[in-house]
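This structure is in structure tokens; I'll ask about it shortly.
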Amino acid sequence: MNTEGLVEVVLPGKVEPEGLQIRHGAVPTAHPGQVVIRMEATGVSFAEQQMRRGRYYDQPPFPFVPGYDLVGTVLATGEGVDPGLAGTRVAALLKVGGWASHVLVDAADVVPVPAGIGAAEAETLVVNGITAWQMLHRKARVRAGDTVVVHGANGGVGSVLVQLAQAAGARVIGTASERHHDALRERGVAPVDYRAGDVAARIRELAPRGVAAVFDHVGGRGIVDSWRLLAPGGTLVSYGSASTRDDEGSKQWPVLKLLFRVWLWNTLPNRRSACFFNVWAGRALAKNRFRARLRTDLTQVFAALQRGEVSAQIAAQLPLTRAADAMRLAESGTVAGKVVLNP
């Protein structure tokens, strides 16, 4: 008899972090093809910051349980699932639903976490690791000797991008606020202060012939500067519109504007390319291929962690019931790495 109860965090509508609600219930039962995961670590990502403002472009209607990804142990398996999965530590990319003590997931969506990697460590690399790996290796195809620009080089995705790019043999120019520059220099990154005006000119001084790739999560007007930094054959990977997080009005518009711009640039005969990266692309059309790719890539990221090429940056760990504090901390911009929630 399972005496555990379900604890979950609910986002009831557009609220300040203090408006998040804690709900208790019964632990879900695994249906055919599903597993119940006892959550050990979930995180606060940029998506939740947008969701609580109603700004994430395909969020579900309120109320819902946020939580983009999680790491935990399989507690129970449904019919048709290998019973040997029970008791193993796995990671899953969810989009929503991770901020709960127990989560129902399709067995085909879980990725084994290698022995020796802690739950919080693994959590910092699920959505951030897959995003960074796929942008670097599947979109930009960065090679040894390339120079790349990573905007927000101290951020969740940015810090993983920096490390994976260096592991691939690339030289990295990273934008960040001044206080993160020493840490970036220690990592071998050439830092540029994004607050100091004409960022593009400073990057051009460091890479007069242009760069092989720019990874831009900011969007907005700065995306044009990112495009202009590319050398012939270079790739701009846009993966967000952080600059519009606090805007009012349509949440689709910034993304549509970006997509249109990317389409337009790709029609130009100048040997440069642009893409808008979305980690969920292709899932609706080819679910099995999407899952296989995700499993392959996350397994690669965990292997890079085991080799010491990537470090897990845990900014702080707080209990699930303190999700409001965790969100405040993540949004404050004062911490490096990922804010992790534990049950």
Flag the pair Q49 / R55 as yes when at least one side-chain heavy-atom distance between them is below 4.5 Å, and no otherwise. no
Between F290 and W280, how do the two ring planes meet: parallel, tilted or perpendicular, split at 30° and 60°? parallel
Just verifying a value: how many Å separate W133 CH2 and T296 OG1, rounded to the nearest 0.5 Å?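 Rounded to the nearest 0.5 Å, the CH2-OG1 separation comes out at 10.5 Å.
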Salt bridge (charged side-chain N to carboxylate O under 4.0 Å, His left out) between D109 and R283, worked out: CA-CA 11 Å; D109 287 326; R283 188 169 196 262; 3.3 Å; yes
pair V301-I130: side-chain heavy atoms closer than 4.5 Å: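 When only atoms from C-beta onward are counted, I130 and V301 do not touch, as no gap falls below 4.5 Å.
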Measure the OG1-CD1 distance between T175 and I203 for me, rounded to the nearest 0.5 Å.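 Taking OG1 in T175 and CD1 in I203, the distance rounds to 6.5 Å.
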By side-chain contact (heavy atoms from CB on, under 4.5 Å) - contacts of Q313 (at least two apart):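 Q313 satisfies side-chain contact (heavy atoms from CB on, under 4.5 Å) with S159, R187, S311, A336 once adjacent residues are dropped.
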Please determine if K338 and E123 form a salt bridge, counting it only when a charged side-chain N lies under 4.0 Å from a carboxylate O.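 Yes, charged N to carboxylate O under 4.0 Å.
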Tell me who clusters with L285, hydrophobic residues only, linked when side chains sit under 4.5 Å apart either directly or through other members.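 Its cluster partners, ordered by chain and number, are none at all.
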Quick check: do Q166 and V172 have side-chain heavy atoms less than 4.5 Å from each other?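 A side-chain contact exists here, since the closest heavy-atom pair is under 4.5 Å.
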S226 OG to H217 NE2 distance, which is reported to the nearest 0.5 Å: 10.5 Å
Do V340 and T42 have side chains that approach each other closer than 4.5 Å (heavy atoms only, starting at C-beta)? no
Hey, are the side chains of C275 and M135 touching, using non-hydrogen atoms and a 4.5 Å cut-off?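 Not touching, per the 4.5 Å side-chain cut-off.
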salt_bridge(D198, R204) N-O dist < 4.0 Å: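 Salt bridge flag = no for R204 with D198.
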Reported CZ-to-CD distance for the pair F277 and Q134, which is rounded to 0.5 angstrom: 4.5 Å
For a quick test of reading the model, state the closest non-hydrogen atom pair linking A168 to H137 and the distance between them.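 Distance-wise, the nearest heavy atoms are CB-CE1, 4.2 Å.
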So, for A170 and V142, which heavy atoms are closest and what is the spacing to 0.1 Å? CB-CG1, 3.7 Å
Could you tell me the separation between the NZ atom of K287 and the CZ atom of R291, rounded to the nearest 0.5 Å? 5.0 Å
Close side-chain approach of V224 to R261, heavy-atom, < 4.5 Å: yes
Between NE2 of H180 and CG of D193, what distance do you get to the nearest 0.5 Å?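 Interatomic distance, H180 NE2 to D193 CG, rounded to 0.5 Å: 10.5 Å.
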Under the criterion salt bridge (Lys or Arg N to Asp or Glu O under 4.0 Å), which of E16, E48, E331 is the partner of R53? E331
Looking at D182 and R185, is there a salt bridge between them, counting it only when a charged N and a carboxylate O are closer than 4.0 Å?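 Salt bridge flag = yes for D182 with R185.
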